[in-house]
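Here is the structure we will look at, set down as structure tokens.
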Amino acid sequence: MPKEVRLPQLGQTMEEGTIVTALVKVGDTVKKGDVLFEIETDKATLEMESPAEGFVRKILIEVGQTVPVGTPVLILGRQDEEISQSYIDSLTGSETSTVSPSPVKKSSSSSAAIPASSSPAQQPASPPAPGAAALPEGTRVICLPQLGQTMEEGTIVTVLIQVGDEVKKGDVLFEIETDKATLEMESPAAGFVKAVLAEVGQTLPINTPILILADKEVEIAQACIDSIKSGGPATATPSPQAPVPTTAQPPTAAATTPIATGGRVFASPRAKMVAAQLGLDLARISASSGAVRITEADVRKAAQGGIAPAATMATVSAKYGLGQRIAINRLQRIVGEKMLLSKQTIPCFYLNIQVDMTELVKLRTRMNKSGDVKISFNDFIIKAVAMGLRHYPIMTGRLDGDHIQMAETIDIGLAISTDLGLVAPIVKNTGAKSLREIAVYCQGLIDRARTEKLSLDDLTGGCITVSNLGGFGIDSFIPIVVPGQTSILGVGRINDVCLPMDGNIMVRKVMNLNLSVDHKVANGADAAQFLDFVKKALEHTDNFTQ
Amino acid sequence: MNLQVEDMRTKAVPAIASLMKQGTITLNNVKDWLRTMYEIRFFEDQVFELLGQNLIKGASHLYAGQEAVATGACAAIQMGDVIGSTHRGHGHCGAIGNKYAQDDQTRQAHWNRMMAELMGRQTGYCGGRGGSMHIADVKHGNLGSTGIVGGNIPNAVGAALAERYKQDNAVVVSFFGDGATNTGAFHESMNMASVLKVPLIVIIENNLYGMSVPFFGSPVEGAGCAANIEHIAQRSAAYGVPAKIIDGQDVVAVFLAVREAADYARKNQQMIMIEAKTYRWYGHSRSDPRVYRTKEEEKAWKERDPIAVLSKKLLEEQLCTQQELDAIRDRADATIKAATQFGLDSPWPDASELAKDVYVIETYPESLIADEKTASAQVMKATEAFETAVKTLTGQTKKEITEKAKEKIRTEFGMNVLLMKEAIIEAQAEEMRRDKNVIIEGEDVGIYGGAYGATKGLLQEFGAKRVIDTAISEAAIVGAAVGASLRGLRPIAELMYVDFITISMDQLMHNGAFNRYMFGGHAKVPMVIRTEGGVGRCIAAHHSKSLEPWLVNVPGLYVVMPSTPYDAKGLLKAAIRSDNPVVYIEHKATYGQAGAVPAQEYIIPLGVADVKRAGKDVTIVTYSRQTMFCLAAAKELAEKHGIEAEVIDLRTLKPMDIDTVAASVKKTGRLMTVAESFCMCGTGPEIVRRLIEYKFPDGYTGFDYLDTPPVNLAAADVPPPMSEPLENASIPTPDKIIAAVKAMM
């Protein structure tokens, strides 16, 4: 199958490139990474590497030509593969409209990300090639996205839509289990479901088409659907929105700013310092127009605009190299000091309990399908904790001289990992909030945390913090009490477990809760009853539907 | 005038016995002279040997052969009198130390400290800071010695000026060689000493050679010639002072001549010149092969070895036996041997104390610094109010309007409005009333009132003894200030233009700034050099420079440059009170600048910058007149461009208040320096360097906080041109500052 290679963006400001040298000719065999052309950009002359392996079947541009980024420049194929003129025409005639609306990706992966196709018609806007099953205009083939850096395939756990459903951008389509966690896959676009190509239990490689969306009236021939299913022409719209992990972690976002393609990033010392403090990658920040280096203002703008991708754990670890020395930013220093203070001054005991989440998982699926507000597991847990605290006020206690002072209102902290580090803003007056209000409030907190807009008030107070590492595949962990609070709840992942039930062995969705408690305030019996209450609150889903 | 050079060598020197009979001297005195001469000789022989063994390093100019001069002269003066020495000074230091040593133990300790100093040990007179060329025991009336030939003479003039002013009946003896008499410093000093009528005895030790060049020819073929007169004493006619030529090999002759000269100087408060003909046994220094003089000449002089001359007298007059003389010799030998051992056993100086005693440590109470900040802000407001009042008030004449405006400021702020020059006059007058040790000297400071009117009225109030007009002799003006301050005065020396400081740089740096350190922290030089600089009057390259970068490059100096009348007064008062030498540079274009000045007494701490305008976008660090330019630029930047510049007036360049600069850059991320001096290795680049290296408590450096490359605005690298458009083009101006700030944003 032929495969076109397009001019990649080789630098942040590159809009077009001039072919200086062609280092391959028709018939050559190239490996991935071989240099194909020397390209002169606005900044420098750079080498363009082959994104794939194959034989050069056609070179679409000439030395000296200046073409925009995304222009097809070369066709790779099998050794003696015939390249149809119509395919070539489709490439050369529509290069500008072929640029995917998805976020700009690394040049080396732009072609590789498009699934293999036996048909030359790979571009949605290109005219259908004769003989191939054509997709009507406006049709979008949704593929299984890469939901984490190490994800190679995913298992469909739940299908939340069916043919005929209208979906909005951001609606959850599937729950997908990866090597790390069970995650929600959101729709990258709006439309009507024309075909669901994946079934529950199926394990598929990433970029496999799993859904077809189109306008309401559009009819899609079964042949076409089959063709796509079997690797036919696909409007391979990579999902721009990765699913929200079932934790309060900010979602993984694809890079929305071009990544500098190697070379030194010029930034002022102050910009470097601020970027390090905010945990931002300078390579993802652009200098303002006409400037030769990134300044503090650029970094702050990037931080506020959320341009820099929020790091998942996977990218956090990839940010650093072995042997590298990194500055401790302000936030991390505060975290360290607080945790040390906690360990030194708070004598803790630790309780563990398992919660059967089977019913809640179902309830949540139902609620999210119909409701206008997406509710996360954390929202349920926070609600349950708030109910528990109302019943066991001692768990809101704070040591005050020779007294224990119960809190006036039930305020619950939510641990959020952001680019900047760990923060635990407070869901104020949780006790008075409905589940839906909690969900809205939490989403606001997460957004503010990600964009460094948390106020001092957001960070003040609280009787307990909820910390959820389930999204990272953690079964169970023991968190450290935030000084000033009474306890902290560590939430693990929801896992299928065989449980004896009514004389049978049942597969149930089980979640671990760990509670670390300040023994100066509460004793084991208090805390145990509280934790048991939370467990039961989560298991009796009626609590959330009344 | 009828001043004759009296050649004492033509007259017979009285017998020792007759002098004893007259009660002029005792036998013990004479024996002690012999002992001193032996000690100096053995010391020098020992040093020569130790140099060869590398146990003493560096330069050593040996005094052997000339012992009678130092010994006789120091014996002839009184306790409390002062001497000034040279690079060939071991004899002077040895003899004056012996004079004050009341017992053998003190005497041994004295030689120990001398030897240790030459070896560079902690226990030396100067803690190893000075060594051979700067050995001094300043507390025994020794002004110290200079390595620059002729450089010590102006200091002696200043010391004599101080002794005269203090009326304590002390005289100053200035030793120097024939070589020094061809320097400008010699001429300036002799002239100034003569004119100012100071009790100074100059003893020219004419050992016939300035290094290798004979003063008045040599039989050796190829040897040059330094002067066209044989007797240096003949030069006394040029200064209208009496002079004598004496036999420098005969300690009795030296003693009698110096005693008489000291009497003359003391009684007449006048200088006198003595030329002692003498000879150095060794070369100029250890490496000198002495090819410029003949063996016959050396032999002839050695036959007149001062030790032999005196020994012979004592034997011939039957005042001593050979055994007694041998005993004196052996005792001196033992003293020097013990001193050598002491030196070798002494510890090296601690490198952690490397920077100790460069300055007299001066601190100001935190409250003073804080209060001054408040006062400064008030003054800014008052000055602004004055400027507004001048624009808005009405009156018949400008003067009337100004007076009305001044009255308004007095009423509203309790402050006077002074011109820069008035503030400078006030500061000096107040300090002179406060401390009688404050005197002023310089060109035109008296009846003329200073070239820029900054000493006007002071002669009338304080008289010619305290406000001293001098000849145009910049080296002597500054050197005399150094000497006077070494002797307890707080002189203010005015140099009409900072450009003229080039003439006095040796005095300012080597003596003014370095003395304290070289003399192991035992001296202090509390003088102020008041001068002015900058362009603005179209007086071209010899009268328009800003040379503060030269001066901040001198360890030991403070450099102060005020920008407003308030700063000028408070800083000058603090400078006068400082125990460190301060160069205080006014700007020639600011003498007429008016500004509010508190009515009550105040000083402004040295080394504390003033934030003259707060801002968040860029830090502009400046000083002197450029502060006014920067403030004007900052105003326009804020009003027309929305850029808030913070303007920091350093006020004191050295010590530099980098803390204030760093705190500001931490806030703004941008640093611009604006100075009127040349940029290369200048004050702006220095500020940048300090900022970049600055360490904040949070672990970051000033470098980390920079968001743009620092910008230095400074004078163009051209000699200041005369023509006004060129002059303006050569320095930063408000429009250039505005453009440069905008380019940084």
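What you see below is based on every heavy atom in this structure, not just the backbone, and it leaves out hydrogens, waters and symmetry mates. Owing to the predicted nature of the structure, the values given are computational and were not obtained by experimental measurement.
For CZ of F703(B), the number of neighbouring non-hydrogen atoms (other residues, nucleotides, ligands) closer than 6.0 Å is 12 at most. For M745(B), the CE atom is densely surrounded, since the number of other residues' heavy atoms within 6.0 Å is greater than 12. More than 12 heavy atoms of other residues, nucleotides or ligands lie within 6.0 Å of NZ in K667(B), so this atom counts as buried by the packing criterion. Heavy atoms from other residues, nucleotides or ligands lying under 6.0 Å from CD1 of I328(A) number 12 at most. Within a 6.0 Å sphere centred on NZ of K338(A), heavy atoms belonging to other residues, nucleotides or ligands number 12 at most.
Interatomic distance, OG1 of T668(B) versus CD of E296(A), reported as 10.0 Å (0.5 Å rounding). Remark: T295(A) OG1 to R670(B) CZ distance equals 7.0 Å, nearest 0.5 Å.
Although no hydrogens or angles enter the test, the distance criterion places no donor-acceptor pair under 3.5 Å between the side chain of R270(A) and the main chain of T708(B).
Annotation: side chain of R293(A) is in contact with side chain of P709(B) (closest heavy-atom distance under 4.5 Å).
Only the backbone of A297(A) comes within contact range of chain B, judged by heavy atoms closer than 4.5 Å.
Closest non-hydrogen pair, A271(A) versus D707(B), comes out as N-OD1, 3.8 Å.
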